[in-house]
Amino acid sequence: MSTVEVPINGERLIADLKRLREFGACGIGVVRTSLSPIDVESRHWLRGRFEEAGLDARIDGAGNVIGRSRNPGKAVLIGSHTDTQPTGGWLDGAMGVIYGLEVARALSEAPATKDRALDVASWLDEEGRFFGCFGSLSFVGETPAHALDALDTTDGTNLTLGDALHEAGLAGVAPERLDPNRHVAYLEAHIEQGPYLEEEGNRIGVVTSIVGARNFIVEFEGEQNHAGTTPMARRRDAAHAMVDFAHAVYREFPTAAGERSVWTIGEMTLEPNAMSIVPGKARLNLQFRDQDPTVLDRLEALSLDLLARANAGPCAATMRPRKHHSIPAPMDVNLRGHLERAAERHAPDQWTSMPSAAVHDAQILASHLPSAMLFVPSINGVSHAFEEDTSEEDIVLGCQVLATATASVLIATD
Ligand code: GLV
Ligand code: MN
Ligand code: MN
């Protein structure tokens with residue numbers, strides 16, 4: 001591996017991360033769901049920062065903020081996302097994008113790399129306010145036709161992704177596309193969002209593969225009626241059907257799961273959700289994740305079996321996919337090598353290889369471009385919560401590892 005020095009500026013990195021945190025700051029957390037007014041404002045700020053770093057920057061028709069190097073030649077692409085969960089942390093996604101900005105600046109300041117090409121992206125809607133990973137899907141040309149009709153899932157309004165892009169002034173703006181003649185590799189850095197690095201005393205994780213996730217909406221239709229006068233035997237209570245289904249999920253999923261499978265019922269709603277009404281409708285979101293597609297298939301088959309059992313009762317149950325199903329994605333072995341050598345150089349004996357249990361844009365890019373990821377520790381393993389945090393030392397270290405690895409990939413592409 002090249003031993004070129006590409007020193008990053010830790011203070012500049014942290015200052016930009018803290019500035020980005022101000023867009024949507026809510027106590028120590030951040031509320032900046034994709035295409036909300038504050039998210040759009042932050043995208044314009046980010047575009048300006050990319051320009052100041054010497055990149056040719058624009059917000060494309062998919063809402064992505066993309067900075068292209070003005071240098072000719074093959075380019076590495078670094079990306080992540082700056083949208084947050086409805087109540088999110090300040091680093092999930094944001095850190096990886098600001099790393100890209102800082103690495104672009106560091107490369108342009110180092111004599112050995114100043115003429116090399118690095119593009120940086122903030123992909124829209126990784127967190128799925130409308131359609132998970134919409135921006136990176138658009139970039140690789142895989143946006144399903146119905147994506148623009150996807151509804152806001154966070155507040156129950158009928159706002160579509162198409163409307164939100166229109167409100168942001170992006171309707172009719174051309175999308176940027178991956179350029180196979182230009183882009184040679186995709187790198188993404190992220191907080192781990194889990195406990196393993198911290199528990200094992202490691203400071204860097206080199207990702208081996210990214211988990212696949214499937215999301216389903218399960219709906220139960222019964223009969224709305226009076227909570228006092230309707231005898232129990234005559235009820236078609238949608239809440240009862242939903243809770244029975246949920247209970248069966250928790251009881252039976254372990255029989256079909258793999259060692260690191262996880263499953264979550266993160267949302268439940270009742271209609272009309274009133275104290276003295278037998279609910280006529282109920283709905284939940286079922287999500288499960290695993291690194292192995294055959295395990296995902298098994299869990300999906302079991303879900304359909306539980307659905308059939310629900311349908312044997314007095315309510316009608318249906319299940320349909322929600323959002324993009326992310327597929328498990330192994331990371332590129334050659335790129336992993338660059339990250340591992342950079343990790344060993346800057347954090348000797350304090351790094352490890354590990355799978356990612358969270359979904360990332362890298363798994364969209366990975367079907368089109370050699371891709372790899374690195375992690376830094378999450379304090380107490382907390383993420384998708386206001387309390388999410390990482391020590392400044394680890395944030396700076398992770399960026400330095402990424403800068404060294406990026407330079408080494410660029411030099412190796414000669
Ligand atoms: C992405 O944030 C995920 O839910 O894994
Ligand atoms: Mn997230
Ligand atoms: Mn993320």
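Whatever order the structure lists them in is the order used to number ligands and atoms, beginning at 1.
P370 places none of its side-chain heavy atoms less than 4.5 Å from the side chain of N334.
Here's the thing with V359: one of its N/O atoms is less than 3.5 angstrom from an N/O atom of ligand 1.
Of the candidates K281, R320, M319, R320 is the only one forming a side-chain contact (heavy atoms from CB on, under 4.5 Å) with E219.
Coordination check, H190 versus the Mn ion (ligand 3): passed, since an N/O/S atom of the residue sits under 2.8 Å. When distances to the Mn ion (ligand 2) are checked against a cut-off of 2.8 Å, H384 contributes an N, O or S atom below that limit.
By the 30° and 60° cut-offs, the orientation of the rings of W45 relative to F23 is tilted. Using cut-offs of 30° and 60° on the angle between ring planes, the pair W123 and F139 is tilted.
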Determine, stepwise, if the pair K18 / E392 fulfils salt bridge (charged side-chain N to carboxylate O under 4.0 Å, His left out). CA-CA 11 Å; K18 288 188 174 165; E392 285 193 9; 3.0 Å; yes

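Looking at D92 and the Mn ion (ligand 2) together, the shortest N, O or S contact belongs to OD2. Taking the Mn ion (ligand 2) as reference, the nearest N/O/S atom within E127 carries the name OE2.
Here E142 does not pair with R177 in a salt bridge; the nearest charged N to carboxylate O distance is not below 4.0 Å.
Among protein heavy atoms, atom 4 (O) of ligand 1 sits closest to R289 NH2, 2.8 Å. If you check which protein heavy atom lies closest to atom 2 (O) of ligand 1, you get E127 OE1, 2.9 Å.
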